[in-house]
Amino acid sequence: MLNRSIKIHKFQKAMSFSNSSSSSLSLIIPHASHVDPQELSIIRRLDSCKSTRELKQVHSYIIKTKPTLQTQLIYTKFISICATSYNHTDLSYVNAIFTQVSNPSISVYNAIIRCFSRCKNSNDSFTALLFYRELLVKGLVPDNYTYPFVLKACAQSRALSEGQEVHGHVVKNGLVLDLYVMNTLMRMYAVCGVIGAVRKLFDEYPQRDLVSWTTLIQGYVKMGFWKEGVKVFFEMCEANLRADEMTMVVVLSACANLGDLILGRRIHGYMRDHNMNFDVFVGNALVDMYLKCGDADLARKVFNEMPVKNVVSWNSMISGLAQQGEFKEALNMFRKMQSRGVKPDDVTIVGVLNSCSNLGMLELGKWVHAYVDRNHIKADGYIGNALVDMYAKCGNIDEAFKVFNGMKCRDVYTYTAIIVGLAMHGQGGRALDLFSEMPKMGIEPDSVTYVGVLMACSHTGLVSEGRKHFSQMSRVYNLEPQTEHYGCMVDLLGRAGLINEAEEFIKNMPIEPDAFVWGALLGACKIHGKVELAEIVMDKLVKMEPERDGAYILMSNIYSSANKWRDAIKLRKALKEKNTKKTPGCSSIELDGVVHEFRKGDKSHQKTKAIYILLGEITDSSWPVRDEQDLLEMSKSSRSLLLSSIHLAEAGGLVV
DNA sequence: TTAGGGTTAG
């Protein structure tokens with residue numbers, strides 16, 4: 001409030017200064033009721049200007065040679081052109097023009113409010129509201145053009161109370177039946193999340209057009225009521241209104257969030273049936289929809305067929321593939337993007353770092369970090385968090401802390417990234433220290449932070465600490481534990497040998513235990529050799545996920561550890577006969593910026609032959625052929641790294 | 001001179 005009054009004060013000061021200076025420039029004639037030929041010729045010249053620079057040249061020409069043409073009409077034209085014609089609006093120039101107009105009419109105010117409301121920056125939108133307030137103070141009456149601009153500014157700066165005030169003015173001025181005013185009012189409420197008000201306006205308004213329907217759909221979609229949004233779209237079709245591309249982008253976003261591929265394809269079909277123009281916005285929305293619905297092939301097809309792509313198209317593919325777990329593909333997409341000369345933006349960087357974290361690609365992650373530094377991109381917010389996450393997940397805790405400490409604004413995501421990273425790399429104590437720092441910083445943990453905290457306790461054997469945190473999450477932070485949290489607790493108790501307690505814990509769970517929870521108990525059975533209990537748990541897991549082979553393999557390992565070889569062999573045989581779906585686990589290693597992936601039975605690696613020979617060196621005392629060309633080509637370090645990967649694969653129950 | 005569109009984290 002104080003800030004605003006200072007702004008108004010500053011602004012009024014500027015205005016009084018401009019009034020006196022404009023009088024020294026003299027000769028601003030009052031608003032012309034008709035356009036004279038000289039004005040018309042200037043307006044034509046202004047229309048042909050290609051930049052603010054050219055505009056300024058015309059401006060100085062008028063001041064020097066045609067001072068009588070410094071009319072409200074001409075100045076309104078100057079401001080309007082600045083607002084609509086160029087990519088970047090020079091707001092200080094627009095302001096300077098405005099201050100040269102004495103007694104600006106409502107048209108001049110409309111033009112300047114429009115100019116400031118077009119900017120995405122909420123400060124500029126706020127300035128637009130200050131102009132609006134000023135025109136009211138001067139006793140001017142807003143018209144049907146003023147309100148759409150003012151309401152847009154309210155929406156942009158999420159200024160709901162100001163928007164409601166403007167709504168009152170609309171009613172008072174009798175403009176409630178203006179379609180543009182109504183639609184922007186609806187949009188203002190939609191952006192501010194007041195979906196009830198959007199619906200009320202829509203229901204009460206007699207003349208809805210496509211924009212009204214689209215705004216209502218978007219209101220629902222923005223609030224996460226995706227099904228409702230789609231329902232409104234079908235109601236709109238029943239009302240015989242033909243949707244356009246903008247409507248489809250919003251509907252596709254609802255399908256994406258619903259993850260409903262059948263619905264998404266139906267909408268795509270609707271667009272084809274209605275011969276819609278597949279512009280870059282529609283293409284991006286389709287790519288996003290297909291990826292969020294899990295169909296990467298169709299997403300790729302749409303992407304490849306897009307005649308025009310922009311950075312958002314690439315970002316949608318990169319982040320969407322990563323969401324599908326196709327991290328390697330996401331990085332390939334990034335490489336392709338670079339080879340096409342498309343400049344990455346913040347979203348690209350976050351997507352790439354996310355893939356690096358999941359693949360353990362520290363080298364590429366470092367390269368992205370260097371890119372961020374080189375381009376003076378602030379490593380705060382999304383990017384800072386993604387960097388912390390990448391370093392922490394890749395095990396470079398020192399670098400993770402360097403980024404973490406260098407961040408000005410840390411939030412729950414920053415803390416969670418480093419807590420999870422520390423917990424994953426066996427530094428539970430440090431993870432818990434950071435967790436205890438959060439309340440002091442005024443940051444509340446969320447559900448994922450608690451997964452990290454419980455993991456930290458589990459890996460450090462801190463049973464009572466874990467119990468304390470588990471009970472605190474609902475008691476203090478009102479976070480209902482999910483199966484992941486119960487699984488962590490079972491893991492914690494199980495690892496500590498408290499098997500009976502872990503069993504009891506599962507029995508008393510208020511939600512149905514899933515495979516994650518039972519899997520944790522089976523893991524505990526393996527550590528502590530509880531064969532009989534393991535058999536019961538395995539039965540449950542097999543019933544839950546008959547298509548998975550994880551439980552069989554773990555059980556077979558439990559039998560082997562207990563020297564029950566016959567049972568182990570019997571189980572492996574049963575597994576083979578059942579033809580179960582193999583757990584798609586894989587191990588990967590980054591070597592000279594390239595990720596090598598290893599899956600069970602997968603022989604697609606270029607150097608498979610050499611790897612098998614080296615594997616033979618380890619498993620067989622009789623040495624295989626030494627003069628294998630591939631083997632000789634591999635450097636010593638490559639060999640040891642690839643072998644580490646093989647070990648990793650084996651540790652996960654997989655054989656290369 | 002007026003309104004509605006796509007991508008980002010643990």
Side-chain angles (χ1 to χ4, degrees), chain A residues 73 76-77 79-81 83-84 106-115 117-118 143-152 155 175 178-188 190-191 209-219 221 243-253 256 279-289 291-292 310-320 322-323 345-354 357-358 381-390 392-393 411-421 423-424 445-452:
Chain A
L73 184 70
T76 307
K77 188 70 193 173
I79 300 171
S80 302
I81 289 180
T84 53
I106 191 67
S107 307
V108 186
Y109 271 104
N110 287 349
I112 193 123
I113 292 171
R114 179 192 193 193
C115 220
S117 71
R118 270 172 49 91
D143 61 16
N144 55 321
Y145 291 104
T146 320
Y147 288 115
F149 303 140
V150 172
L151 288 164
K152 188 175 182 174
L175 285 165
D178 185 280
L179 189 61
Y180 284 85
V181 174
M182 222 4 108
N183 285 340
T184 37
L185 255 179
M186 275 177 63
R187 173 155 170 82
M188 183 276 295
V191 168
D209 69 352
L210 182 59
V211 177
S212 329
W213 282 92
T214 308
T215 309
L216 179 64
I217 297 170
Q218 201 194 21
V221 174
D244 70 0
E245 287 77 9
M246 285 204 195
T247 319
M248 296 327 294
V249 168
V250 180
V251 177
L252 284 169
S253 151
D279 65 11
V280 71
F281 284 94
V282 172
N284 291 346
L286 274 170
V287 165
D288 178 54
M289 181 277 290
L291 280 164
K292 290 222 171 91
N310 61 11
V311 67
V312 178
S313 327
W314 292 95
N315 290 347
S316 301
M317 283 302 288
I318 292 167
S319 57
Q323 270 165 19
D345 67 1
D346 290 15
V347 180
T348 326
I349 290 167
V350 172
V352 171
L353 285 172
N354 177 24
S357 313
N358 284 286
Y382 271 98
I383 293 187
N385 291 342
L387 278 171
V388 171
D389 180 55
M390 182 276 293
K393 280 234 182 86
D411 59 13
V412 61
Y413 297 106
T414 331
Y415 273 90
T416 305
I418 203 148
I419 287 170
V420 170
M424 273 170 71
D446 69 9
S447 168
V448 188
T449 322
Y450 268 103
V451 172

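Computed from heavy atoms alone, side chains included, the values below leave out hydrogens, waters and symmetry copies. Every chain is numbered from 1 and lettered A, B, ... according to where its sequence line falls, protein lines coming before strand lines. Quick caveat, the model's predicted, so the values are computed rather than measured.
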Round to the nearest Å and state the distance from [X] atom [atom1] to [N] atom [atom2].
X	N	atom1	atom2	answer
N183(A)	dG5(B)	CG	P	12 Å
Y415(A)	dA9(B)	OH	P	22 Å
D244(A)	dG5(B)	CG	P	11 Å
N310(A)	dT7(B)	CG	P	12 Å
N385(A)	dG10(B)	CG	P	10 Å
W213(A)	dA3(B)	CH2	P	22 Å
N315(A)	dT8(B)	CG	C1'	8 Å
I383(A)	dT7(B)	CD1	P	18 Å

Let's see if you can work this out: which of [options] has an atom nearest to the side-chain heavy atoms of [X]?
X	options	result
M246(A)	dG4(B), dA3(B), dT1(B)	dG4(B)
D288(A)	dG10(B), dG5(B), dT7(B)	dT7(B)
V282(A)	dA3(B), dG10(B), dG5(B)	dG5(B)
K152(A)	dG10(B), dA3(B), dA9(B)	dA3(B)
V312(A)	dG5(B), dT8(B), dT7(B)	dT7(B)
S316(A)	dT7(B), dG5(B), dT1(B)	dT7(B)
V347(A)	dG5(B), dG4(B), dT7(B)	dT7(B)
L179(A)	dA3(B), dG4(B), dA9(B)	dA3(B)
T184(A)	dT8(B), dG10(B), dA3(B)	dA3(B)

Modelled atom types, side-chain donor and acceptor of N354(A) and S357(A), under 3.5 Å: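 No, no side-chain donor-acceptor pair sits under 3.5 Å.
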Can you say whether a donor on the side chain of N354(A) sits under 3.5 Å from an acceptor on the base of dG10(B), or the other way round?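 Answer is no: no donor-acceptor pair is held.
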Polar side-chain contact T214(A)-dG5(B) base: donor and acceptor under 3.5 Å: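 Per atom types, no contact qualifies.
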Could you pull out the closest heavy-atom pair between [X] and [Y], with the gap in Å?
X	Y	result
V420(A)	G452(A)	CG2-CA, 3.9 Å
V388(A)	T414(A)	CG1-O, 4.1 Å
S107(A)	T76(A)	O-CG2, 3.8 Å
F149(A)	N110(A)	CD1-O, 3.4 Å
L291(A)	G320(A)	CD1-CA, 3.7 Å

Is there a side-chain contact between R187(A) and the phosphate of dG5(B), meaning an N or O under 4.0 Å from OP1 or OP2?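 For dG5(B), OP1/OP2 do have a side-chain N/O of R187(A) under 4.0 Å.
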When you measure from the side-chain N and O atoms of Q323(A) to the phosphate of dT7(B), is any distance below 4.0 Å, counting only OP1 and OP2?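 For dT7(B), OP1/OP2 do not have a side-chain N/O of Q323(A) under 4.0 Å.
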Partners of Y450(A) by ring-ring contact (aromatic ring centres under 6.0 Å, His included), sequence neighbours excluded?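 ring-ring contact (aromatic ring centres under 6.0 Å, His included) list for Y450(A), sorted by chain: F435(A).
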Centroid under 5.5 Å and tilt under 30°, [X] to [N]:
X	N	answer
Y180(A)	dA3(B)	no
F149(A)	dT2(B)	no
Y413(A)	dA9(B)	yes
Y382(A)	dT8(B)	yes

What nucleic acid atoms does [X] come within less than 4.0 Å of, heavy atoms only: base, sugar-phosphate, or nothing?
X	answer
T247(A)	base
I349(A)	nothing
S253(A)	nothing
V181(A)	nothing
N144(A)	base

